[in-house]
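Chain letters run A, B, ... following the sequence lines, proteins first, then strands; residues in each count from 1.
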2 protein chains.
Amino acid sequence: MAKHSKDRGLGERLRVPPGEPVDLSARDPRATPGGPKDKKAAPADLAAMGGRLGELQERLWAAGTAGDRRRVLLVLQGMDTSGKGGTVKHVIGLFNPSGCRIKAFKAPTPEERRHPFLWRIRQALPRAGELGIFDRSHYEDVLIARVRELAPATEIGRRYNKINNFEQALADDGVTLVKCFLHISFDEQRDRLLERLDRPDKHWKFNPGDIDERALWPAYQHAYELALERCSTPQAPWYVVPADRKWYRNWAVSRLLLEHLEALDPQYPKADFDVAECRARLLSGDRGTSEGRTPGA
Amino acid sequence: MAKHSKDRGLGERLRVPPGEPVDLSARDPRATPGGPKDKKAAPADLAAMGGRLGELQERLWAAGTAGDRRRVLLVLQGMDTSGKGGTVKHVIGLFNPSGCRIKAFKAPTPEERRHPFLWRIRQALPRAGELGIFDRSHYEDVLIARVRELAPATEIGRRYNKINNFEQALADDGVTLVKCFLHISFDEQRDRLLERLDRPDKHWKFNPGDIDERALWPAYQHAYELALERCSTPQAPWYVVPADRKWYRNWAVSRLLLEHLEALDPQYPKADFDVAECRARLLSGDRGTSEGRTPGA
């Protein structure tokens, strides 16, 4: 996987090196590596990226119409309030929505529970030319499932390998995975939960159960460390995105997508028809034709 | 349907009055009724609407999380190059993509052909709180199906009623339908097809078959007139959007969506939990807790 070993700019800085242990407490959620100077400078930087992202997405889509099977899958994970939804709104809002396939995974339904944990994931994968976005993902099955003991420990232990095999198969099939852990601090989560409680227009985003989950913060951090450690692979690395500053988070995820799309470098397909002949036919067919009259009459 | 009989602003101007005959040749595709002064003024007007559209969409979504079944379905129809895809890009790009469910209908697959024509439509309907967007729709089954004689004439004749009954049921179930016919001129289509031929980065959008379809322009206009006439109902009216000017088209579809969302006036749900108690529990649970330590220890 030579494409992942060469310098990838921001990707190189945020990537979890495959095979190395992960200590989240050593990574500052307020850091802004490689980012805009400050919050004020961020919107212009993001807007400048928007045009380039839009063009690359159109090229990916166009190539897909001509048999190029490649697609991109952005996986967003993070604690409650880490900004998965906000990232979709601000980052994916830069793209043409027609080419995006967004899936937010909730607690599995009874039907989903009757299938292996990757079953519902497969249903939601992006098609050729698409940008897929997962708001939560198959990683929930080694995160909340581990912390809340929703499955036997031996089964959870096996899931890391199953995930790696699954993602290897996706990569082999033309899927570029961009897995982002939105890393917020314990204090930042408190402030964001308080804001949801203090603003009536945010009450709908709050669930009293969020407080119970927060009480398990250390166990969740540990579960994330294990997942990042065991499932950051050369073909599907994890990126730890500092996310206490929303403007940096949006910039960084956009930048990661840009770097991956530039590496893919999708091309507009060549015409599979005779352009000059079509041009002549279009103009000659119109001769004597006008609205309301039968063409050629 | 009192809400449709009172003044709806742009909706009132573009609506096809139920029960009246439709003459598309009498409607100017270059007109800009109610729109911005000119192309230069359009982006600012559109951006100003963006914030309001985003807020109303969030309220619709939030209400949906609390049992409000209402949703919006934008149906886009129009001749090749009329700008269905461009409308999705520029208008739906103003919304939060998480709350949008976009479906582009192509020629039916063999499986879809084995079912009644509305079957595949039902699969793609927006869920509570969502904004659904159809790029083409069940109307293809009375448009290309009529012009290309893909079904017996008697069957096509029955479909108008089936469509009206279907849309009535949707309206009864909380779906606000916004059906837009993007009305372009014969000359404008030629210019847009030529542009696709003259720009290598647009070749992928061109299909030689488009020229054959264009030769049937009068038959298509007639099929559209019939569909608009028979299926513009009080509960699901058709709007004829002049679409030779892209800036007006984008503005008008945005404005129609705004008017409908304002009429729906969705509300943030009230908290179904004790806000003060949650606030106290959140703050007290944190006492003595910090990252890496077990909460409460």
With chain A, which of [options] has the greatest number of heavy-atom pairs at distances under 4.5 Å?
{"options": "B:Ala271, B:Pro208, B:Ala66", "answer": "B:Pro208"}
{"options": "B:Cys278, B:Cys100, B:Ala276", "answer": "B:Cys278"}
{"options": "B:Leu194, B:Asp210, B:Asp272, B:Leu193", "answer": "B:Leu194"}
{"options": "B:Asp135, B:Ile133, B:Ile211", "answer": "B:Ile211"}
{"options": "B:Glu277, B:Arg190, B:Lys103", "answer": "B:Arg190"}

Is chain A contacted by the side chain of [X], its backbone, both, or neither, given a heavy-atom distance below 4.5 Å?
{"X": "B:Thr65", "result": "side chain"}
{"X": "B:Ala62", "result": "both"}
{"X": "B:Asp198", "result": "side chain"}

Given the ring of [Y], does [X] sit roughly above its face, with NZ or CZ under 6.0 Å from the centre of the six-membered ring and within 45° of the axis?
{"X": "A:Lys202", "Y": "A:Phe206", "answer": "no"}
{"X": "B:Arg214", "Y": "B:Phe186", "answer": "yes"}
{"X": "A:Lys270", "Y": "A:Tyr268", "answer": "no"}

Do [X] and [Y] sit within salt-bridge range, that is, some charged N less than 4.0 Å from a carboxylate O?
{"X": "B:Glu111", "Y": "B:Arg120", "value": "no"}
{"X": "B:Asp212", "Y": "A:Arg281", "value": "yes"}
{"X": "A:Arg59", "Y": "B:Asp201", "value": "no"}

Is it the case that B:Asp23 and B:Ser25 place a side-chain donor and acceptor less than 3.5 Å from each other?
->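 There is such a pair (donor and acceptor under 3.5 Å, judged by atom type) between the side chains of B:Asp23 and B:Ser25.
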Pair A:Asp187-A:Gln189, side-chain donor/acceptor within less than 3.5 Å |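 Short answer, no.
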Side chain from CB out, backbone as N, CA, C, O: work out which of these in A:Ile102 comes under 4.5 Å of a heavy atom of chain B, or both, or neither.
-> side chain
B:Arg136/B:Lys106 under side-chain contact (heavy atoms from CB on, under 4.5 Å): CA gap, chis, key distance, verdict | CA-CA 8 Å; B:Arg136 303 187 188 268; B:Lys106 312 283 182 191; over 6 Å; no
Is any side-chain heavy atom of A:Glu262 closer than 4.5 Å to a side-chain heavy atom of A:Leu56?
-> yes
Mind checking which of residues 68-95 of chain A sit less than 4.5 Å from chain B, heavy atom to heavy atom?
-> A:Val88, A:Lys89, A:Ile92, A:Gly93
